[in-house]
Protein chains: 2
Amino acid sequence: MAAENKKQDKREAILNAAENLFAKHGYDGVTLRAIAKEAGVDVALANYHFGPKRDLFDAVLLRRAQILNSWRLEALEATVQKAAPNPPDVKDIIRAYFEPLFKRSQVQEPGWKSYYALIAYVNSSPEWGGTLMTQFFDPMIHRFLAVLKTALPGVPDKSVYWGYHCLSGALTLAFAQTGRIDHLSNDLCKSDDLPDACDYIVDFVAAGFSDMIAASEKETATL
Amino acid sequence: MAAENKKQDKREAILNAAENLFAKHGYDGVTLRAIAKEAGVDVALANYHFGPKRDLFDAVLLRRAQILNSWRLEALEATVQKAAPNPPDVKDIIRAYFEPLFKRSQVQEPGWKSYYALIAYVNSSPEWGGTLMTQFFDPMIHRFLAVLKTALPGVPDKSVYWGYHCLSGALTLAFAQTGRIDHLSNDLCKSDDLPDACDYIVDFVAAGFSDMIAASEKETATL
DNA sequence: CTAGAATTTCAACAATTGTTGAAGACGTAA
DNA sequence: TTACGTCTTCAACAATTGTTGAAATTCTAG
């Protein structure tokens with residue numbers, strides 16, 4: 001076990017360094033030499049383990065994607081089962097999307113925080129937001145949307161999708177950790193306290209979805 | 001006039017090319033040669049007009065910032081005056097933040113669309129989101145937040161700031177134009193139809209803010 | 001211990017980067 | 001025209017980029 005750990009020592013060090021730097025400066029803002037230096041490793045080693053730079057980027061994304069997806073799906077199915085046979089509350093669904101991000105890993109391993117920031121970068125990147133996010137997270141998200149629709153009967157699909165878009169945007173900006181809200185609020189809000197941020201975002205987003213029910217009821221009533 | 005136009009022809013061409021490319025690929029993803037080529041100009045000319053690369057980036061941001069800020073503030077003050085002496089509706093305040101983005105320029109000049117995408121890039125960038133957004137847009141946003149607070153009596157400031165953060169995140173992701181929502185919704189939602197997107201975002205965000213009033217009333221009722 | 005495979009480093013490559021100074025082209029006013 | 005200041009291009013720079021093949025090291029199985 002310890003031998004196995006040591007064997008892949010430098011390979012993981014490269015992934016960690018790449019994860020951290022890509023999250024901070026984006027794909028083009030990071031050189032392989034900067035990654036190698038932070039990992040305490042020669043430049044050529046990155047190419048040996050992962051091939052070209054772009055493949056290293058994919059490897060960083062892939063490493064934690066499946067773990068995160070499974071965490072979220074577990075939380076979601078637990079929520080569904082607890083409410084069965086009724087659909088779950090909207091807020092509980094949102095929570096199942098948010099809480100797995102913190103419960104287990106946040107403190108234990110700071111790499112996850114970098115990973116979330118990296119996803120934020122990818123998600124809002126015009127180059128890769130459309131393709132990479134789809135590639136790594138689509139099945140999990142489709143399941144969430146399906147459950148969400150059961151909790152929003154009579155709401156048009158288009159509203160649900162744009163609602164998810166708002167949710168994703170809010171989450172993305174929070175994890176990007178720009179520190180902007182700190183300035184704006186005179187340090188009343190701290191952008192590095194992600195669990196606290198998510199509490200507020202959950203309430204805000206859940207209200208946005210719940211209002212769709214009222215709106216669609218009003219619509220059908222007038223017909 | 002026409003002479004003045006021609007005089008600054010290439011200078012503006014450089015700004016336009018830089019705006020477009022920076023929005024698509026980020027600061028580090030664009031070379032001065034790529035900008036020069038798209039502008040139909042020699043590489044050295046960018047440096048002559050704007051100095052180092054970083055200063056060109058700032059020049060692109062600055063060019064439209066004041067215009068956009070004044071448009072938004074005009075719309076906001078009109079909303080305030082129309083509702084006076086009462087505070088405006090939350091939804092009207094949000095609209096005053098969104099509508100100036102489209103009314104005048106969207107169709108006339110496609111450069112604005114690139115500019116919005118560029119702001120999306122800057123806003124979600126860990127490197128510059130905290131500083132550059134503050135530098136260019138803070139006074140306008142503080143005015144919006146002040147008006148928003150008048151429409152949300154009894155709501156804690158912290159909730160308002162996080163609400164704005166959600167608003168900003170949703171808007172940012174929409175303008176990033178990643179095409180992700182198109183995939184996700186099977187082309188039910190079109191990420192390049194920004195006015196349509198914003199209609200949905202306005203409703204969603206306004207509901208998030210409005211719910212804060214109900215929540216704070218419930219809180220004070222139980223005390 | 002030894003041979004061979006896997007890992008890591010070293011040295012160097014061609015290509016590209018931002019930047020610069022000198023030379024040329026342009027417009028303008030005398 | 002001439003002369004001058006602005007704008008634009010040309011050519012080249014040192015530095016940095018991703019990548020590669022060979023050498024050196026470490027690990028592992030027999």
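Residue numbering restarts at 1 for every chain, and letters A, B, ... go by the order of the sequence lines. Both backbone and side-chain heavy atoms feed into the values below; hydrogens, waters and symmetry mates do not.
- The nearest whole Å value for the distance from the CG atom in A:Asp28 to the C1' atom in D:dT16 is 15 Å.
- Put simply, the side chain of A:Met133 does not reach to within 4.5 Å of the side chain of B:Thr178, judged on heavy atoms.
- We find that CD1 of B:Ile14 is positioned 13 Å from P of C:dT19, with the value rounded to whole Å.
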Donor-acceptor pairs under 3.5 Å, side chain of residues 38-48 of chain B to any protein atom, not counting sequence neighbours: which ones?
{"residue": "B:Glu38", "atom": "OE2", "partner": "B:Asn20", "partner atom": "ND2", "Å": "2.8"}
{"residue": "B:Asp42", "atom": "OD2", "partner": "B:Ala44", "partner atom": "N", "Å": "2.9"}

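- Shown for residues 31-44 of chain A: residues whose heavy atoms fall under 4.0 angstrom of DNA chain C, namely A:Arg33, A:Val41, A:Asp42, A:Ala44.
- Taking side-chain N and O atoms only, B:His49 has a distance below 4.0 Å to OP1 or OP2 of D:dT8.
- The neighbour count for B:Lys37 NZ, taken as heavy atoms of other residues, nucleotides or ligands under 6.0 Å away, does not exceed 12.
- With sequence neighbours excluded, the residues that form a side-chain hydrogen bond (donor to acceptor under 3.5 Å, both in side chains) with A:Glu19 are A:Arg63, A:Arg64.
- A:Arg11 has its CZ atom 18 Å from the C1' atom of C:dT9, to the nearest Å.
- Atom CZ in B:Phe50 sits about 14 Å away from atom P in C:dT19, given to the nearest Å.
- Annotation: side chain of A:Lys113 is in contact with side chain of A:Asp192 (closest heavy-atom distance under 4.5 Å).
- For the pair B:Leu56 CG and C:dT19 C1', the computed distance is 14 Å after rounding to whole Å.
- Contact annotation: B:Tyr48 does not reach the phosphate of D:dT8 (side-chain N/O to OP1 or OP2, under 4.0 Å).
- Listed pair B:Lys53 / C:dT17 fails the phosphate criterion, with no side-chain N or O lying under 4.0 Å from OP1 or OP2.
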Exercise for review: In sequence, state the C-alpha distance, the side-chain angles, and the governing distance for B:Phe204 and A:Phe209, and then conclude on ring pair (Phe, Tyr, Trp, His ring centres under 6.0 Å).
Suggested key: CA-CA 7 Å; B:Phe204 191 91; A:Phe209 279 113; 5.2 Å; yes
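- OP1 or OP2 of C:dT20 lies within a sub-4.0 Å distance of a side-chain N or O belonging to B:Asn47.
- Atom CD in A:Glu12 sits roughly 15 Å away from atom C1' in C:dT7 (whole-Å rounding).
- Between B:Leu45 atom CG and D:dC7 atom P there is a gap of 10 Å when expressed in whole angstrom units.
- In this structure, B:His25 atom NE2 and C:dT16 atom P are separated by 17 Å, rounded to whole Å.
- By the 4.5 Å heavy-atom criterion applied to side chains, A:Lys53 and A:Tyr27 are counted as neighbours.
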